[in-house]
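Naming: A, B, ... by sequence-line order, numbering from 1 per chain.
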Number of protein chains: 2
Amino acid sequence: MALDHAILVSLLEKPGSGYELARRFERSIGYFWTATHQQIYRVLKRMESDGWIDVREVPQQSRPDKKEYSVAALGRTVLAEWLHEPIEPESVRHELAVKIRGAAFDDPAALIREVERHHHKHTERLAHYLAGERRDFTGPDAPEALDTGEELQHVVLRGGIAYERMTIAWLEDVLATLRRLGTAP
Amino acid sequence: MALDHAILVSLLEKPGSGYELARRFERSIGYFWTATHQQIYRVLKRMESDGWIDVREVPQQSRPDKKEYSVAALGRTVLAEWLHEPIEPESVRHELAVKIRGAAFDDPAALIREVERHHHKHTERLAHYLAGERRDFTGPDAPEALDTGEELQHVVLRGGIAYERMTIAWLEDVLATLRRLGTAP
DNA sequence: GCGATCATGTAATCGGTTACATGATTAT
DNA sequence: ATAATCATGTAACCGATTACATGATCGC
(Lines give C-alpha, C1' and ligand atoms only; values in the text may rest on other atoms or scores of the structure.)
Protein backbone atom coordinates (compact mmCIF):
# COMPACT_ATOMS: atom_id res chain seq x y z
CA MET A 1 0.00 0.00 0.00
CA ALA A 2 1.29 3.41 -0.88
CA LEU A 3 -1.31 5.94 0.23
CA ASP A 4 0.42 6.07 3.61
CA HIS A 5 3.73 6.73 1.89
CA ALA A 6 2.30 9.22 -0.58
CA ILE A 7 0.90 11.19 2.36
CA LEU A 8 4.22 11.00 4.22
CA VAL A 9 6.05 12.33 1.16
CA SER A 10 3.54 15.14 0.75
CA LEU A 11 3.78 16.07 4.45
CA LEU A 12 7.59 16.07 4.24
CA GLU A 13 7.38 18.42 1.28
CA LYS A 14 5.08 20.60 3.36
CA PRO A 15 3.07 19.98 6.58
CA GLY A 16 -0.65 20.51 6.25
CA SER A 17 -4.19 19.58 7.25
CA GLY A 18 -6.34 16.75 5.91
CA TYR A 19 -8.21 19.25 3.83
CA GLU A 20 -5.00 20.66 2.35
CA LEU A 21 -3.77 17.16 1.57
CA ALA A 22 -7.05 16.39 -0.17
CA ARG A 23 -6.48 19.47 -2.33
CA ARG A 24 -2.94 18.35 -3.15
CA PHE A 25 -4.35 15.01 -4.22
CA GLU A 26 -6.37 16.91 -6.80
CA ARG A 27 -3.16 18.35 -8.26
CA SER A 28 0.53 17.63 -7.74
CA ILE A 29 0.69 14.30 -5.91
CA GLY A 30 -2.73 13.49 -7.36
CA TYR A 31 -1.26 13.31 -10.86
CA PHE A 32 0.13 9.91 -9.99
CA TRP A 33 -1.75 8.85 -6.88
CA THR A 34 -5.42 9.52 -6.19
CA ALA A 35 -7.21 9.68 -2.87
CA THR A 36 -10.42 11.22 -1.56
CA HIS A 37 -10.73 13.19 1.63
CA GLN A 38 -12.46 10.29 3.37
CA GLN A 39 -9.51 8.04 2.76
CA ILE A 40 -7.06 10.74 3.79
CA TYR A 41 -8.75 11.48 7.13
CA ARG A 42 -8.88 7.80 7.97
CA VAL A 43 -5.20 7.24 7.16
CA LEU A 44 -4.15 10.42 9.02
CA LYS A 45 -5.95 9.20 12.11
CA ARG A 46 -4.28 5.82 11.93
CA MET A 47 -0.82 7.23 11.26
CA GLU A 48 -1.22 9.66 14.14
CA SER A 49 -2.25 6.94 16.60
CA ASP A 50 0.70 4.87 15.37
CA GLY A 51 3.05 7.78 16.03
CA TRP A 52 4.13 8.24 12.41
CA ILE A 53 2.95 11.85 12.31
CA ASP A 54 2.40 14.68 14.80
CA VAL A 55 -0.63 16.97 15.02
CA ARG A 56 -0.79 20.61 15.95
CA GLU A 57 -4.14 22.36 16.45
CA VAL A 58 -4.04 25.60 14.51
CA PRO A 59 -6.74 28.10 15.54
CA GLN A 60 -7.75 30.36 12.69
CA GLN A 61 -9.85 33.48 12.66
CA SER A 62 -12.57 33.69 10.03
CA ARG A 63 -12.05 30.01 9.21
CA PRO A 64 -12.63 26.76 11.06
CA ASP A 65 -9.65 25.61 13.10
CA LYS A 66 -7.52 23.00 11.46
CA LYS A 67 -5.16 20.22 12.46
CA GLU A 68 -1.74 20.58 10.93
CA TYR A 69 0.06 17.29 10.50
CA SER A 70 3.80 16.85 10.15
CA VAL A 71 6.00 13.77 9.85
CA ALA A 72 7.39 12.39 13.12
CA ALA A 73 10.73 10.60 13.42
CA LEU A 74 8.97 7.24 13.25
CA GLY A 75 7.24 8.26 10.04
CA ARG A 76 10.56 9.14 8.45
CA THR A 77 11.90 5.72 9.41
CA VAL A 78 8.86 3.93 7.99
CA LEU A 79 9.15 5.90 4.75
CA ALA A 80 12.89 5.20 4.46
CA GLU A 81 12.23 1.46 4.90
CA TRP A 82 9.57 1.51 2.20
CA LEU A 83 11.85 3.44 -0.16
CA HIS A 84 14.40 0.64 0.09
CA GLU A 85 11.94 -2.14 -0.66
CA PRO A 86 11.60 -3.18 -4.29
CA ILE A 87 8.14 -2.82 -5.85
CA GLU A 88 6.63 -4.51 -8.87
CA PRO A 89 5.88 -2.48 -12.01
CA GLU A 90 2.20 -1.60 -11.84
CA SER A 91 -0.34 -3.80 -13.50
CA VAL A 92 -2.36 -1.65 -15.87
CA ARG A 93 -6.12 -1.22 -15.57
CA HIS A 94 -7.38 0.28 -18.76
CA GLU A 95 -11.16 0.25 -18.94
CA LEU A 96 -11.25 2.00 -22.32
CA ALA A 97 -9.21 -0.84 -23.83
CA VAL A 98 -11.83 -3.33 -22.59
CA LYS A 99 -14.48 -1.22 -24.30
CA ILE A 100 -12.54 -1.07 -27.54
CA ARG A 101 -12.22 -4.83 -27.69
CA GLY A 102 -15.86 -5.12 -26.67
CA ALA A 103 -16.85 -2.90 -29.58
CA ALA A 104 -16.25 -5.87 -31.89
CA PHE A 105 -19.54 -7.26 -30.52
CA ASP A 106 -21.41 -3.99 -30.75
CA ASP A 107 -21.22 -1.04 -33.12
CA PRO A 108 -17.60 0.21 -33.32
CA ALA A 109 -18.82 3.60 -34.57
CA ALA A 110 -20.74 4.09 -31.31
CA LEU A 111 -17.40 4.36 -29.54
CA ILE A 112 -16.12 7.30 -31.57
CA ARG A 113 -17.87 9.93 -29.45
CA GLU A 114 -16.52 8.37 -26.26
CA VAL A 115 -12.95 8.18 -27.56
CA GLU A 116 -13.18 11.81 -28.69
CA ARG A 117 -14.27 12.75 -25.17
CA HIS A 118 -11.24 11.01 -23.70
CA HIS A 119 -9.00 12.69 -26.27
CA HIS A 120 -10.34 16.04 -25.19
CA LYS A 121 -9.79 15.35 -21.48
CA HIS A 122 -6.23 14.17 -22.00
CA THR A 123 -5.49 17.23 -24.13
CA GLU A 124 -6.71 19.41 -21.28
CA ARG A 125 -4.65 17.49 -18.77
CA LEU A 126 -1.54 17.86 -20.93
CA ALA A 127 -2.07 21.63 -21.18
CA HIS A 128 -2.46 21.74 -17.41
CA TYR A 129 0.80 19.82 -16.86
CA LEU A 130 2.67 22.01 -19.34
CA ALA A 131 1.41 25.15 -17.60
CA GLY A 132 2.63 23.74 -14.29
CA GLU A 133 5.99 22.91 -15.79
CA ARG A 134 6.41 26.44 -17.14
CA ARG A 135 5.32 27.95 -13.83
CA ASP A 136 7.54 25.84 -11.57
CA PHE A 137 10.48 24.59 -13.62
CA THR A 138 11.18 26.12 -17.03
CA GLY A 139 9.46 29.53 -17.09
CA PRO A 140 10.89 32.95 -16.23
CA ASP A 141 9.43 32.83 -12.70
CA ALA A 142 10.94 29.43 -11.94
CA PRO A 143 14.02 29.19 -9.70
CA GLU A 144 17.27 29.37 -11.68
CA ALA A 145 18.85 26.38 -10.00
CA LEU A 146 16.58 23.59 -8.82
CA ASP A 147 17.30 21.72 -5.61
CA THR A 148 17.09 17.93 -5.40
CA GLY A 149 13.42 17.89 -4.44
CA GLU A 150 12.50 20.17 -7.31
CA GLU A 151 14.56 18.16 -9.80
CA LEU A 152 12.73 15.00 -8.71
CA GLN A 153 9.32 16.70 -8.86
CA HIS A 154 10.19 17.87 -12.35
CA VAL A 155 11.18 14.42 -13.62
CA VAL A 156 7.92 12.99 -12.27
CA LEU A 157 5.99 15.76 -14.02
CA ARG A 158 7.88 15.01 -17.25
CA GLY A 159 6.58 11.45 -16.84
CA GLY A 160 3.03 12.75 -16.65
CA ILE A 161 3.58 14.88 -19.74
CA ALA A 162 5.04 11.93 -21.66
CA TYR A 163 2.08 9.79 -20.58
CA GLU A 164 -0.48 12.32 -21.79
CA ARG A 165 1.30 12.85 -25.13
CA MET A 166 1.50 9.10 -25.71
CA THR A 167 -2.15 8.65 -24.78
CA ILE A 168 -3.31 11.46 -27.06
CA ALA A 169 -1.39 9.99 -30.01
CA TRP A 170 -2.80 6.54 -29.30
CA LEU A 171 -6.37 7.84 -29.05
CA GLU A 172 -5.89 9.40 -32.49
CA ASP A 173 -4.78 5.99 -33.75
CA VAL A 174 -7.91 4.46 -32.17
CA LEU A 175 -10.14 7.08 -33.80
CA ALA A 176 -8.59 6.51 -37.23
CA THR A 177 -9.11 2.77 -36.78
CA LEU A 178 -12.73 3.11 -35.69
CA ARG A 179 -13.48 5.46 -38.60
CA ARG A 180 -11.84 3.10 -41.07
CA LEU A 181 -13.93 0.20 -39.74
CA GLY A 182 -17.05 2.35 -40.02
CA THR A 183 -16.56 3.49 -43.61
CA ALA A 184 -15.27 0.28 -45.18
CA PRO A 185 -16.76 -2.69 -43.38
CA MET B 1 -16.48 -2.22 -12.24
CA ALA B 2 -15.10 -3.77 -15.36
CA LEU B 3 -13.88 -7.26 -14.48
CA ASP B 4 -17.36 -8.54 -15.29
CA HIS B 5 -17.22 -6.83 -18.64
CA ALA B 6 -13.64 -7.86 -19.38
CA ILE B 7 -14.66 -11.48 -18.79
CA LEU B 8 -17.74 -11.09 -21.00
CA VAL B 9 -15.59 -9.67 -23.82
CA SER B 10 -13.09 -12.49 -23.44
CA LEU B 11 -15.84 -15.13 -23.46
CA LEU B 12 -17.38 -13.56 -26.54
CA GLU B 13 -14.02 -13.73 -28.26
CA LYS B 14 -13.87 -17.39 -27.25
CA PRO B 15 -15.79 -19.46 -24.68
CA GLY B 16 -13.63 -21.12 -22.04
CA SER B 17 -13.19 -22.33 -18.47
CA GLY B 18 -12.18 -20.33 -15.41
CA TYR B 19 -8.72 -21.72 -15.73
CA GLU B 20 -8.44 -20.71 -19.37
CA LEU B 21 -9.68 -17.23 -18.54
CA ALA B 22 -7.08 -16.96 -15.81
CA ARG B 23 -4.43 -17.80 -18.41
CA ARG B 24 -5.79 -15.16 -20.77
CA PHE B 25 -5.52 -12.66 -17.96
CA GLU B 26 -1.80 -13.42 -17.90
CA ARG B 27 -1.53 -12.42 -21.58
CA SER B 28 -3.90 -10.75 -24.02
CA ILE B 29 -6.70 -9.25 -21.94
CA GLY B 30 -4.28 -9.16 -19.00
CA TYR B 31 -2.17 -6.51 -20.74
CA PHE B 32 -4.79 -3.96 -19.78
CA TRP B 33 -6.85 -5.64 -17.08
CA THR B 34 -5.50 -7.92 -14.37
CA ALA B 35 -7.32 -10.59 -12.41
CA THR B 36 -6.35 -13.66 -10.45
CA HIS B 37 -8.06 -17.04 -10.72
CA GLN B 38 -9.74 -16.53 -7.35
CA GLN B 39 -11.43 -13.38 -8.58
CA ILE B 40 -12.38 -14.99 -11.85
CA TYR B 41 -14.05 -18.04 -10.29
CA ARG B 42 -16.02 -15.81 -7.95
CA VAL B 43 -17.25 -13.56 -10.75
CA LEU B 44 -18.06 -16.52 -13.03
CA LYS B 45 -20.21 -18.06 -10.31
CA ARG B 46 -22.07 -14.80 -9.77
CA MET B 47 -22.58 -14.14 -13.47
CA GLU B 48 -23.84 -17.68 -13.96
CA SER B 49 -26.36 -17.45 -11.14
CA ASP B 50 -27.47 -14.08 -12.58
CA GLY B 51 -27.98 -15.69 -15.98
CA TRP B 52 -25.37 -13.62 -17.80
CA ILE B 53 -23.42 -16.68 -18.89
CA ASP B 54 -24.13 -20.36 -19.57
CA VAL B 55 -22.08 -23.34 -18.39
CA ARG B 56 -21.40 -26.60 -20.12
CA GLU B 57 -19.63 -29.45 -18.30
CA VAL B 58 -16.90 -30.74 -20.59
CA PRO B 59 -15.59 -34.20 -19.65
CA GLN B 60 -11.96 -34.66 -20.66
CA GLN B 61 -9.77 -37.74 -20.72
CA SER B 62 -6.32 -37.47 -19.15
CA ARG B 63 -7.28 -34.12 -17.69
CA PRO B 64 -9.73 -32.95 -15.03
CA ASP B 65 -13.17 -32.12 -16.36
CA LYS B 66 -13.81 -28.47 -16.93
CA LYS B 67 -16.73 -26.08 -17.07
CA GLU B 68 -16.92 -24.18 -20.30
CA TYR B 69 -18.60 -20.81 -19.99
CA SER B 70 -20.19 -18.85 -22.81
CA VAL B 71 -22.09 -15.57 -22.90
CA ALA B 72 -25.89 -15.82 -22.62
CA ALA B 73 -28.31 -13.38 -24.25
CA LEU B 74 -28.62 -11.48 -20.98
CA GLY B 75 -24.84 -11.13 -20.76
CA ARG B 76 -24.73 -9.61 -24.23
CA THR B 77 -27.39 -7.10 -23.21
CA VAL B 78 -25.53 -6.17 -20.04
CA LEU B 79 -22.31 -5.71 -22.01
CA ALA B 80 -24.01 -3.61 -24.68
CA GLU B 81 -25.46 -1.34 -21.98
CA TRP B 82 -22.05 -0.90 -20.40
CA LEU B 83 -20.46 -0.16 -23.77
CA HIS B 84 -22.85 2.75 -24.23
CA GLU B 85 -22.16 4.29 -20.81
CA PRO B 86 -19.44 6.94 -20.69
CA ILE B 87 -16.49 6.23 -18.40
CA GLU B 88 -13.99 8.59 -16.83
CA PRO B 89 -10.36 8.53 -17.98
CA GLU B 90 -8.50 6.40 -15.46
CA SER B 91 -6.81 7.98 -12.51
CA VAL B 92 -3.22 6.91 -12.53
CA ARG B 93 -1.63 5.02 -9.65
CA HIS B 94 2.09 5.21 -10.04
CA GLU B 95 3.92 3.91 -6.99
CA LEU B 96 7.35 4.48 -8.52
CA ALA B 97 6.57 8.18 -8.90
CA VAL B 98 5.81 8.35 -5.17
CA LYS B 99 9.18 6.74 -4.51
CA ILE B 100 10.98 9.17 -6.78
CA ARG B 101 9.53 12.18 -4.99
CA GLY B 102 10.23 10.45 -1.68
CA ALA B 103 13.89 10.06 -2.67
CA ALA B 104 14.35 13.77 -1.95
CA PHE B 105 14.19 12.80 1.74
CA ASP B 106 16.46 9.80 1.41
CA ASP B 107 19.41 8.99 -0.84
CA PRO B 108 18.43 9.53 -4.51
CA ALA B 109 21.27 7.24 -5.62
CA ALA B 110 19.67 4.35 -3.71
CA LEU B 111 16.84 4.42 -6.22
CA ILE B 112 19.01 3.84 -9.28
CA ARG B 113 19.09 0.06 -8.92
CA GLU B 114 15.30 -0.05 -8.53
CA VAL B 115 14.68 2.14 -11.57
CA GLU B 116 17.07 -0.01 -13.61
CA ARG B 117 15.07 -3.07 -12.59
CA HIS B 118 11.84 -1.45 -13.79
CA HIS B 119 13.56 -0.43 -17.02
CA HIS B 120 14.55 -4.03 -17.59
CA LYS B 121 11.04 -5.37 -16.92
CA HIS B 122 9.41 -2.86 -19.25
CA THR B 123 11.96 -3.67 -21.96
CA GLU B 124 11.01 -7.34 -21.65
CA ARG B 125 7.32 -6.52 -21.78
CA LEU B 126 7.83 -4.43 -24.91
CA ALA B 127 9.70 -7.29 -26.61
CA HIS B 128 6.84 -9.62 -25.65
CA TYR B 129 4.22 -7.27 -27.11
CA LEU B 130 6.21 -6.80 -30.32
CA ALA B 131 6.56 -10.57 -30.71
CA GLY B 132 2.78 -10.91 -30.27
CA GLU B 133 2.19 -8.19 -32.83
CA ARG B 134 4.41 -9.91 -35.39
CA ARG B 135 2.78 -13.27 -34.70
CA ASP B 136 -0.83 -12.12 -34.91
CA PHE B 137 -0.97 -8.95 -36.98
CA THR B 138 2.07 -7.93 -39.03
CA GLY B 139 4.17 -11.08 -39.54
CA PRO B 140 4.11 -13.56 -42.46
CA ASP B 141 1.85 -15.99 -40.52
CA ALA B 142 -0.71 -13.30 -39.73
CA PRO B 143 -3.98 -13.18 -41.67
CA GLU B 144 -3.78 -10.99 -44.76
CA ALA B 145 -6.97 -9.11 -44.05
CA LEU B 146 -7.96 -8.54 -40.45
CA ASP B 147 -11.59 -8.66 -39.38
CA THR B 148 -13.11 -6.05 -37.08
CA GLY B 149 -12.26 -7.94 -33.90
CA GLU B 150 -8.66 -8.40 -34.97
CA GLU B 151 -8.32 -4.74 -35.98
CA LEU B 152 -9.56 -3.69 -32.55
CA GLN B 153 -7.28 -6.14 -30.76
CA HIS B 154 -4.40 -4.75 -32.79
CA VAL B 155 -5.11 -1.12 -31.93
CA VAL B 156 -5.28 -2.04 -28.24
CA LEU B 157 -1.96 -3.85 -28.55
CA ARG B 158 -0.45 -0.80 -30.26
CA GLY B 159 -1.54 1.13 -27.16
CA GLY B 160 0.39 -1.30 -24.97
CA ILE B 161 3.45 -0.95 -27.20
CA ALA B 162 3.24 2.85 -27.10
CA TYR B 163 2.88 2.74 -23.31
CA GLU B 164 5.96 0.57 -22.86
CA ARG B 165 8.07 2.69 -25.23
CA MET B 166 7.05 5.88 -23.44
CA THR B 167 7.74 4.31 -20.04
CA ILE B 168 11.19 3.05 -21.10
CA ALA B 169 12.16 6.51 -22.41
CA TRP B 170 10.91 8.13 -19.20
CA LEU B 171 12.80 5.70 -16.99
CA GLU B 172 15.97 6.62 -18.92
CA ASP B 173 15.19 10.27 -18.16
CA VAL B 174 14.74 9.35 -14.48
CA LEU B 175 18.05 7.48 -14.43
CA ALA B 176 19.92 10.38 -16.03
CA THR B 177 18.37 12.73 -13.46
CA LEU B 178 19.24 10.49 -10.50
CA ARG B 179 22.84 10.09 -11.75
CA ARG B 180 23.20 13.83 -12.25
CA LEU B 181 21.96 14.46 -8.71
CA GLY B 182 24.41 11.84 -7.43
CA THR B 183 27.53 13.19 -9.10
CA ALA B 184 26.95 16.93 -8.72
CA PRO B 185 24.98 17.54 -5.53
C1' DG C 1 -30.80 33.97 0.96
C1' DC C 2 -27.46 30.97 -1.65
C1' DG C 3 -23.65 28.80 -3.54
C1' DA C 4 -18.74 28.16 -2.95
C1' DT C 5 -15.01 27.18 -0.05
C1' DC C 6 -12.94 25.61 4.23
C1' DA C 7 -12.90 21.89 7.47
C1' DT C 8 -13.74 17.21 9.44
C1' DG C 9 -15.68 13.19 9.96
C1' DT C 10 -18.92 8.16 9.97
C1' DA C 11 -20.95 4.04 7.74
C1' DA C 12 -21.95 0.67 4.24
C1' DT C 13 -20.48 -1.75 0.59
C1' DC C 14 -17.63 -3.81 -2.70
C1' DG C 15 -13.77 -5.31 -5.21
C1' DG C 16 -9.07 -6.98 -4.92
C1' DT C 17 -5.29 -9.39 -2.59
C1' DT C 18 -3.36 -13.05 0.01
C1' DA C 19 -3.43 -17.34 2.09
C1' DC C 20 -5.20 -21.78 2.37
C1' DA C 21 -6.89 -26.12 0.18
C1' DT C 22 -7.47 -30.22 -2.93
C1' DG C 23 -6.48 -33.49 -6.48
C1' DA C 24 -5.33 -35.41 -11.06
C1' DT C 25 -1.91 -36.00 -14.89
C1' DT C 26 2.44 -35.45 -17.51
C1' DA C 27 7.19 -34.98 -18.07
C1' DT C 28 11.91 -35.37 -16.05
C1' DA D 1 10.08 -39.40 -6.61
C1' DT D 2 8.94 -34.71 -7.81
C1' DA D 3 8.11 -30.60 -10.15
C1' DA D 4 5.02 -28.52 -13.41
C1' DT D 5 0.58 -28.05 -15.40
C1' DC D 6 -4.41 -28.43 -15.41
C1' DA D 7 -8.47 -27.48 -12.76
C1' DT D 8 -11.48 -25.49 -9.11
C1' DG D 9 -12.54 -23.55 -5.21
C1' DT D 10 -13.05 -21.10 0.21
C1' DA D 11 -11.96 -17.58 3.72
C1' DA D 12 -10.02 -13.54 5.80
C1' DC D 13 -8.70 -9.16 5.33
C1' DC D 14 -8.04 -4.70 3.62
C1' DG D 15 -8.27 -0.72 0.88
C1' DA D 16 -11.17 2.13 -2.07
C1' DT D 17 -15.53 4.01 -3.35
C1' DT D 18 -19.93 6.04 -2.37
C1' DA D 19 -23.25 8.01 0.43
C1' DC D 20 -24.39 10.44 4.36
C1' DA D 21 -23.53 14.16 7.74
C1' DT D 22 -22.30 18.70 10.01
C1' DG D 23 -21.14 23.47 10.40
C1' DA D 24 -18.73 27.93 9.70
C1' DT D 25 -17.56 31.95 6.66
C1' DC D 26 -17.26 34.76 2.36
C1' DG D 27 -18.82 36.90 -1.75
C1' DC D 28 -22.78 37.84 -4.72
Side-chain angles (χ1 to χ4, degrees), chain A residues 1-8 15-27 29-30 32-50 53 55-69 82 87-95 98, chain B residues 1-8 11 15-27 29-30 32-50 53 55-69 82 85 87-95 98:
Chain A
M1 214 266 303
L3 177 54
D4 299 34
H5 307 110
I7 289 177
L8 288 174
S17 68
Y19 187 83
E20 280 159 3
L21 281 168
R23 312 243 43 206
R24 290 184 212 171
F25 275 89
E26 286 167 13
R27 321 171 267 102
I29 280 268
F32 50 88
W33 203 268
T34 54
T36 58
H37 77 275
Q38 293 92 334
Q39 259 179 290
I40 291 165
Y41 283 119
R42 203 160 9 101
V43 171
L44 283 174
K45 189 168 272 188
R46 198 192 65 228
M47 292 202 296
E48 195 219 319
S49 77
D50 290 350
I53 54 178
V55 207
R56 197 169 60 94
E57 287 273 346
V58 179
Q60 297 184 117
Q61 68 268 48
S62 86
R63 275 188 205 179
D65 295 355
K66 65 175 182 178
K67 297 179 185 169
E68 195 185 74
Y69 293 94
W82 177 73
I87 50 172
E88 281 317 294
E90 330 280 295
S91 42
V92 188
R93 286 271 158 89
H94 206 324
E95 223 176 338
V98 179
Chain B
M1 213 264 304
L3 178 54
D4 300 34
H5 307 111
I7 289 176
L8 288 174
L11 287 179
S17 67
Y19 187 82
E20 282 159 2
L21 282 167
R23 311 243 43 208
R24 291 183 212 170
F25 275 89
E26 286 167 10
R27 324 170 265 102
I29 280 268
F32 49 87
W33 203 269
T34 54
T36 58
H37 78 274
Q38 292 93 330
Q39 259 180 292
I40 291 165
Y41 284 118
R42 204 163 5 106
V43 172
L44 283 174
K45 188 168 272 188
R46 196 192 65 227
M47 293 202 295
E48 196 219 318
S49 76
D50 290 351
I53 54 178
V55 207
R56 197 169 60 94
E57 286 272 346
V58 180
Q60 297 184 116
Q61 68 268 49
S62 84
R63 273 188 205 179
D65 295 354
K66 64 175 183 178
K67 296 180 186 169
E68 196 184 73
Y69 292 94
W82 177 72
E85 274 167 30
I87 50 173
E88 283 315 294
E90 330 280 294
S91 42
V92 189
R93 286 272 158 90
H94 206 324
E95 223 176 337
V98 179

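- Phosphate contact (OP1/OP2 of dC6(D), side-chain N/O of Tyr19(B), threshold under 4.0 Å): present.
- Smallest separation of non-hydrogen atoms from Ile40(A) and Gly18(A): CG2-O, 4.0 Å.
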Quick one: which protein N/O atoms are closer than 3.5 Å to N/O atoms of nucleotides 26-28 of chain D? Pair and distance per line, please.
from    : atom 1 : to       : atom 2 : distance (Å)
dC26(D) : OP1    : Ser62(A) : OG     : 3.2

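- When atom types are taken as modelled, the side chain of Arg24(A) and the backbone of Gly30(A) share no donor-acceptor pair closer than 3.5 angstrom.
- Between Tyr41(B) and dT8(D) there is a side-chain polar atom (N or O) within less than 4.0 angstrom of OP1 or OP2.
- Here the P atom of nucleotide dG16(C) and the CG atom of Leu44(B) are 13 Å apart, to the nearest Å.
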Report task. Please lay out, stage by stage, how Ile29(A) and Ile7(A) fare under the test side chain to side chain contact (heavy atoms under 4.5 Å, CB included). Result -> CA-CA 9 Å; Ile29(A) 280 268; Ile7(A) 289 177; over 6 Å; no
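- Within the 4.0 angstrom heavy-atom criterion, no nucleotide atom of any strand lies near Thr34(B).
- Partner of Glu20(A) under the salt bridge (charged side-chain N to carboxylate O under 4.0 Å, His left out) criterion, out of Lys67(A), Arg27(A), Lys66(A): Lys66(A) alone.
- Checking dT18(C), dG23(D), dG9(C) against every side-chain atom of Thr36(B), the shortest atom distance belongs to dT18(C).
- Contacts of Gln38(A) with the nucleic acid, taken as non-hydrogen atoms under 4.0 Å apart, include base atoms.
- Using a 4.5 Å cut-off on side-chain heavy atoms (C-beta onward), Gln39(B) and Arg42(B) make contact.
- If you check dG9(C), dG9(D), dC6(C) against the side chain of Arg23(A), the one that comes closest is dC6(C).
- Of the side-chain N and O atoms in Ser17(A), one or more sit less than 4.0 angstrom from OP1 or OP2 of dT8(C).
- Nearest-nucleotide positions on DNA chain D for Pro64(A) and Arg93(B) put Arg93(B) closer to the 5' end.
- Although no hydrogens or angles enter the test, the distance criterion places no donor-acceptor pair under 3.5 Å between the side chain of Glu85(B) and the main chain of Trp82(B).
- Here the nucleotide nearest the side chain of His37(A), chosen from dT8(D), dA21(D), dA16(D), is dA21(D).
- Ionic pairing of Glu26(B) and Arg23(B) is present here: one or more N-O contacts between side-chain nitrogen and carboxylate oxygen are shorter than 4.0 angstrom.
- For the OP1/OP2 pair of dT8(D) and a distance below 4.0 Å, the side-chain nitrogens and oxygens of Arg42(B) include no atom meeting the criterion.
- Residue Gln39(A) places at least one side-chain N or O closer than 4.0 Å to OP1 or OP2 of dT17(D).
- Distances from the side chain of Lys66(B) to the nucleotides dT8(D), dG16(C), dA16(D) place dT8(D) closest.
- Comparing atom distances between the Lys45(B) side chain and each of dG9(D), dA7(D), dA7(C) picks out dG9(D) as nearest.
- Atom CD of Glu26(A) is separated from atom P of dC6(C) by 10 Å (rounded to the nearest Å).
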